[in-house]
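Below: one structure, written as structure tokens.
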Amino acid sequence: MNTDATQMADERIKSESFATRLMRRPELGAIGGVILVTIFFLITADRTMFTLSGIMNFLTPAAQLGILGIAAAMLMIGGEFDLSIGSMVAFTGLIFGVLAVNMELPLILAIPLTMACAAAMGALNGYIVIRTGLPSFIVTLAFLFILRGATLVGLKLFSGGSTQLRGVRSAVEGDFLTPIFSGDAFGGLFRWLAELGVVEKFGSGMPKVPGIPVEILWFIGFALLATYILLKTPSGNWIFASGGDSNAAENSGVPVKRVKISLFMLTACAAALVAVITVIDAGSTDARRGFMKEFEAIITAVIGGCLLTGGYGSAIGAFFGAIIFGMVTIGLTYTNFDQDWFQVFLGGMLLLAVIFNNVIRKRVTGER
Amino acid sequence: MNTDATQMADERIKSESFATRLMRRPELGAIGGVILVTIFFLITADRTMFTLSGIMNFLTPAAQLGILGIAAAMLMIGGEFDLSIGSMVAFTGLIFGVLAVNMELPLILAIPLTMACAAAMGALNGYIVIRTGLPSFIVTLAFLFILRGATLVGLKLFSGGSTQLRGVRSAVEGDFLTPIFSGDAFGGLFRWLAELGVVEKFGSGMPKVPGIPVEILWFIGFALLATYILLKTPSGNWIFASGGDSNAAENSGVPVKRVKISLFMLTACAAALVAVITVIDAGSTDARRGFMKEFEAIITAVIGGCLLTGGYGSAIGAFFGAIIFGMVTIGLTYTNFDQDWFQVFLGGMLLLAVIFNNVIRKRVTGER
Amino acid sequence: MSDPIIHMENIKKHFGNVIALNGVTFDVRAGECHCLLGDNGAGKSTFIKTMSGVHKPTEGTISFEGRELSFDSPRDAMEAGIATVFQDLAMIPLMSVTRNFFMGREPTKGWGPFKRFDTEKANATTMEEMRKMGINLRAPDQAVGTLSGGERQTVAIARAVHFGAKVLILDEPTSALGVRQTSNVLATIDRVRNQGIGVVFISHNVRHALAVGDRFTVLNRGQTLGTAKKGEIDASELQDMMAGGQEMAQLEGSLGGTV
Amino acid sequence: MSDPIIHMENIKKHFGNVIALNGVTFDVRAGECHCLLGDNGAGKSTFIKTMSGVHKPTEGTISFEGRELSFDSPRDAMEAGIATVFQDLAMIPLMSVTRNFFMGREPTKGWGPFKRFDTEKANATTMEEMRKMGINLRAPDQAVGTLSGGERQTVAIARAVHFGAKVLILDEPTSALGVRQTSNVLATIDRVRNQGIGVVFISHNVRHALAVGDRFTVLNRGQTLGTAKKGEIDASELQDMMAGGQEMAQLEGSLGGTV
Amino acid sequence: QDIVVVAHGQANDPFWSVVKNGVAKAGEDTGANVEFRSPETFDMVQMSQLIDAAVNQEPDGLVVSIPDADALGPSIQRAVEAGIPVISMNSGSDVAHELGAHLHVGQSEYDAGKAAGQELAEMGGTKAICVNQEVGNVSLDQRCEGFAEGFGNPVDVVPTQNDPTEVQSKVRAALESDPDVDTVLGLGASLVGEPAVAAAEALGRDDLLIASFDLSAGFLEAIADGKAAFAIDQQQFLQGYLPVTFLALNAQYGLMPGGDVPSGPNLITQDKAAQVIELSAQGIR
Ligand SMILES: Nc1ncnc2c1ncn2[C@@H]1O[C@H](COP(=O)(O)OP(=O)(O)OP(=O)(O)O)[C@@H](O)[C@H]1O
Ligand SMILES: Nc1ncnc2c1ncn2[C@@H]1O[C@H](COP(=O)(O)OP(=O)(O)OP(=O)(O)O)[C@@H](O)[C@H]1O
Ligand SMILES: [Mg+2]
Ligand SMILES: [Mg+2]
């Protein structure tokens, strides 16, 4: 009998290796998937995939998807879905395009206005979900259609009949905010490195990689911020609580409604950010932007370990989930497989990556 | 004080009107949505929408979607998702096409083989979900890609490079099973009615409605069967229990794994049934058959009152959900709204229909 | 005696066609422990849920410190100084003990945008408060879902006690507790009462009620059966009232007074 | 005395790095009520879960009616004749009382493909069994989620008793029950024991344990502290053992023996 | 007069929005009441149901695209049997008459692909990729097939999704992993053509031959600047405009041209590109 039980030491606890403690964190599980996928492509893909420029190449779509995926993960942890993300990208792209091109506003006004508009739509989504008690799946599904349709109508209106609104690049050229939302960062550094020969060059002497695409920086920044919020702030605690059991959370004094509405707003703003980045990058926006992105965002979150039932998951997991997804979609082009098999591979790799995650985690943490 | 409490009568229970008791059933709530949508189209749509032929016209897609939706609803009640339904339609369509056209098997063999193949895929889905403990969302998502990709590869293989496999109609012509899976039932009756002038005719004397499309009969039959299973059999109880709390169900002796795997098989078979019907009807199959149908099926189930978290819903609800969805998608073409606005209307109508359901139910049953 | 902190007047609560409360009047004063007793399904939990802002009463008024008001949410009630241990505990199984403990009222450090959840302090507080109740946690970041029934209940009680400002409501707090933990909880009730906090204590155990209660209100089928002061009533009378006046099972004799 | 129906030998159970059971030996015989006692977190629930097929033991052997076997699922255990009331009750809140009652063992009528759930019979049985336990349900199709805590617990007990064939395991069955319902449950235990069923009864209430128990096994921190026969041990000794030998709170004196 | 157009492409698809504009313009010019309808995805089953719905309303004329004659045939025949004049457009030139359509306005996707292939081979292409943003859409698949036939040299199909960023990355990946690729054919100008140009720029490959089906202002600018070779224009505005006009005239005066109208293919090269940009931005080309 242990009469010493008031002490912290507990004879009923086995010592745990560092690896076990590490793998116990849901976010780190997803790393297993990244490693597996990397190994697969190291073997099968053309070696250009893992040159600096190749890496930038698959990280760019991963970053855009990841920004959405992290927001979706936070919302899922909070117990809700947003199926209107993809349409929101198209819709806010239109808003931004109209503000920048048709209204000729500078970015310092156009971007906050776009964000405000997105936040308002997100709040509306959230308000309807909270007010009616309908599942967010069906409410945001309605907005998936509504926003997609509104984008088409709006585009035709503002472009004079076409489904594409152009001229964004020239409209924002020279704006002091443009480099923050488009193009490549650290250009000088890369040019210098190229001169030193550290970075590959084209024949013309220009570095093959002109810099780090800004969306990658946004992606990393957002992942860090989201992780900080989720793990280190009271709001993070509220998000987990709201998603874990909204009744219990409400009863314990968590302002569940406010939390959920804020999360819907956040998701919408993430969509707006992606819209701004892609619209400036592409110089145009069209009615099909963001098509199916809502599902990819949810996939990303789920690969990263989020539970569909809410209350569990991580932003870092979604970060790696986006990288896995980006790597698999782009990577197959680098291989010699017949491209007809693309979807079979995509599905197979996804399944393998998540199963691998799971096996590794169970093995290491000793769960049954 | 009530010393009479051993009796059934309870002073703590208010009497309840018939309407209240009726509306309490989740399935009947969806009727509210059907009525609302009907009223909307009675006002806005061309009057041909509600002629006999118009009704058959929107019921046909509703029926095809509904067969998937009811299966999806049962699976959702059982606590799982199947995102591979749509791809399964394409894949089993290919299998069926190959069996009927390339192998020249009679339907009596081709259809059972197709079903068996679908059931095997469904069982595989279920087995992976049960075995790995991964969310079914991600596992079936992988199969969404895999089956879609396999369909493309298979089509190219069997059609000699095209993404379309043709010639099914001529292959099955004359088979004694064909009328069960395609065309219209009660044709004689309708021709007779047309001659009597009860049913409208085209100028050419042909009845506008040649009969009741068989898929509608399948749809109704399946809805009745599913309702019977869910409400009147032990298996139904097991499905609700597995979805409500799989742990508690397992602990109470429900064979949760068997239930879930069977449900996956059922969903796959429903997809195969739709595939057979549409392939025979269309006479061909292509790589994009069933595209996005998984989401429409889930939407249907959710409109019909299923909870995404499982354990709650009804087959009849999904039945009406499919009718709402079919009516809205086809109905808008009978109105004068510009096609550009189509999605805005679709989303708006969906939202209105579910909110209306909800309001009605709350009002009538006195929930807060 | 002092004025009541909360006074609930003629509370009715209907769920659809079910009448859960049919006119209950109740109050709690500072520094007293008011026991709410009654048969299963009498409406005790429903009643304290209206008191702590979870349900809105269908009819009836709530006065807090003399002013009539209605709580819109449990958060409102909490901010007014009411802490509750719900019968279903209101815990999130997937979250750690510490996160559950401080859910909704997280301690922070830093300032402005760098204000963050003070994990060390929260962990230390949690372990300490749990130890006071007689539970030694293995680790504060263990998920609540993996705790035993009694450990879980102790977390909920320790939380409410820690934050209880003016009124502490305990809905069958000792139901899953071991003997040591129970005696700790009863001692705690005694302690906070002496600090001037009003306690509402729900229990099916007559002995526990008599040990700490100052007043006893019995509910039956949604209605008040009466209120008694300590000393006015003895165990077996109380027990009879709690059973709703109905007879005990035949074993009664052989188990004599053991329930 | 008769041979044990179940004999559990040196059971160990680890959850990851947590050692919940560290070698527990226990048996239950036909027609006896064997009480399993112990502090919160001692491992009682974990132990009976290995007995009813929920957990697989990390180490140790289970013999059922003399043959060594291992239950792969709760369904296996159930089919062998073991009925359990789990501490978390294992009920589906969204489902009706009747459906919960018969979950996994539905009565049917008709034959072949027309075999269907016999709702009338199930409803009638449910109402009847609940009434025996002292609860009058409003309607058998009320969702379990809307029942009060005690009503819900009663459903779980009534279900286990109804289906209990050879062994009935009750994990703190009376924790949420009113006095009347508690005495009914104790009477029920007495009755089924006399019918030759082996009962495993977990409780924190010394009086309840002494009232119906034939043997008492105390667990502490995952290990057996010893087994005593009825009459060999008195209430306060047992209470001390259950507290894990640690001291009670200071209130102890004033609450003297009330816990 | 009521004239209904049922097409297999969506109203938000840049190509089809031009068709729809043509339909609307024809409606304006002839005074007919026109409606444009399409399924939400490339879905032959739903499309046949839309045709049935149209037939139920007994319009004075029906315009359909026929990407799958097996699937749509019965519905079209039902329209013909009901006495509704039918004109097919865009795809289905081979089966239009068989099914009872009066005539066909459009180009054969296969032939257009073939023409593009021949042109690119002539311009010196030796190894090509065909970037398909909607694999399984039969008309797009046919473009690739025709292209492979006309090009004569090796052609890889690169399937992508509907996202310009992804298309750009994939094109880049394809070019990087196989430096021998010197020709890129996109099946949609804004979705594939423009990102392909961007990918080539990012890689510093100015030797690439980039061509695309359909037009977009951005891609036309790239042609004008010499960054891209040409665009294949099938003047789909006509595919919307002409059939409606014909049917309106038919309803009014019983007039009907005697043969098919080929609306393309029409290669837009550097010299012509500049003139077309403005029209493209307005959704006319
Ligand atoms: N949401 C609800 N819908 C319908 N009926 C409800 C609901 N909540 C409670 N009830 C009913 O109201 C009655 C009172 O329930 P309550 O939980 O208040 O009882 P209680 O006194 O706390 O009982 P116990 O001692 O068993 O916990 C019960 O009969 C219950 O069935
Ligand atoms: N799944 C699990 N993962 C980790 N630890 C667990 C798990 N389940 C139980 N435990 C731990 O094992 C110990 C024994 O738990 P158990 O539920 O068996 O206690 P108990 O004796 O039933 O207590 P109580 O009287 O409070 O119900 C507890 O300390 C608990 O934290
Ligand atoms: Mg209660
Ligand atoms: Mg326990």
Side-chain angles (χ1 to χ4, degrees), chain B residues 2-16 21 24-26 76-79 130 225 227-259 305-307 309-314 365 367-368, chain D residues 49 52-55 72-79 82-96 98-110 113-119 122 127-128 131-132 134-145 156 159-160 163 180:
Chain B
N2 183 341
T3 51
D4 211 353
T6 37
Q7 246 83 314
M8 284 288 296
D10 197 317
E11 87 284 5
R12 289 188 298 165
I13 199 153
K14 287 187 284 192
S15 72
E16 215 175 15
R21 256 173 299 151
R24 191 154 295 208
R25 302 216 57 81
M76 270 168 78
I77 294 173
I130 297 289
L225 179 70
T227 305
Y228 175 76
I229 291 178
L230 283 176
L231 299 182
K232 295 284 169 198
T233 68
S235 319
N237 211 25
W238 296 356
I239 295 173
F240 278 105
S242 303
D245 182 340
S246 67
N247 238 330
E250 179 86 45
N251 287 354
S252 312
V254 174
V256 173
K257 291 175 192 162
R258 222 169 52 196
V259 169
C306 288
L307 289 187
T309 43
Y312 190 82
S314 73
T365 60
E367 284 172 38
R368 292 118 310 132
Chain D
K49 279 185 184 162
S52 55
V54 175
H55 293 324
D72 282 334
S73 73
R75 197 174 172 81
D76 279 3
M78 233 162 254
E79 274 165 9
I82 301 177
T84 313
V85 177
F86 293 99
Q87 194 169 11
D88 61 9
L89 304 182
M91 307 274 251
I92 318 280
L94 285 171
M95 278 166 62
S96 73
T98 302
R99 282 177 174 268
N100 265 291
F101 195 99
F102 287 97
M103 177 162 68
R105 279 159 305 195
E106 293 77 6
T108 51
K109 62 182 176 192
F114 301 104
K115 208 150 102 182
R116 59 195 186 280
F117 190 6
D118 188 347
T119 326
M127 294 297 277
E128 176 56 28
R131 205 171 301 127
K132 276 193 208 156
I135 299 276
N136 279 295
L137 284 183
R138 290 199 190 76
D141 56 3
Q142 188 175 1
V144 160
R159 171 174 71 176
F163 291 106
R180 196 158 46 86

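These numbers come from a predicted model, not from an experiment.
- Of the atoms belonging to K49(D), not a single heavy atom falls under 4.5 Å from chain B.
- Of the listed residues (G311(B), G243(B), A241(B), S235(B)), the greatest number of heavy-atom pairs within a distance under 4.5 Å of chain D belongs to A241(B).
- When the heavy atoms of residues 85-92 of chain D are compared with those of chain B, the residues falling under 4.5 Å are F86(D), A90(D), M91(D), I92(D), listed by number.
- Neither the backbone nor the side chain of I229(B) comes within less than 4.5 Å of any heavy atom in chain D.
- Closest non-hydrogen pair, E106(D) versus P234(B), comes out as OE1-CB, 3.6 Å.
- Qualifying side chain to side chain contact (heavy atoms under 4.5 Å, CB included) partners for K109(D), counting only residues two or more places apart in sequence or in other chains: R116(D), D118(D), E120(D).
- When all heavy atoms are compared, the tightest approach of A248(B) to M103(D) is O-CE, 4.2 Å.
- Note that the CZ atom of F117(D) and the CG atom of N237(B) stand 5.0 Å from one another [nearest 0.5 Å].
- Residues T119(D) and K232(B) come closest through the heavy atom pair OG1-NZ, 4.5 Å.
- Across all their heavy atoms, S252(B) and R105(D) have their closest contact at O-NH2, 4.1 Å.
- Note on N247(B), N251(B), V254(B), L307(B): by heavy-atom pairs under 4.5 Å with chain D, the leading option is N251(B).
- Here the closest heavy-atom approach between residue K115(D) and residue Y228(B) is recorded as O-OH, 4.1 Å.
- Between the CG atom in D245(B) and the CG atom in N100(D) there is a gap of 10.0 Å [rounded to 0.5 Å].
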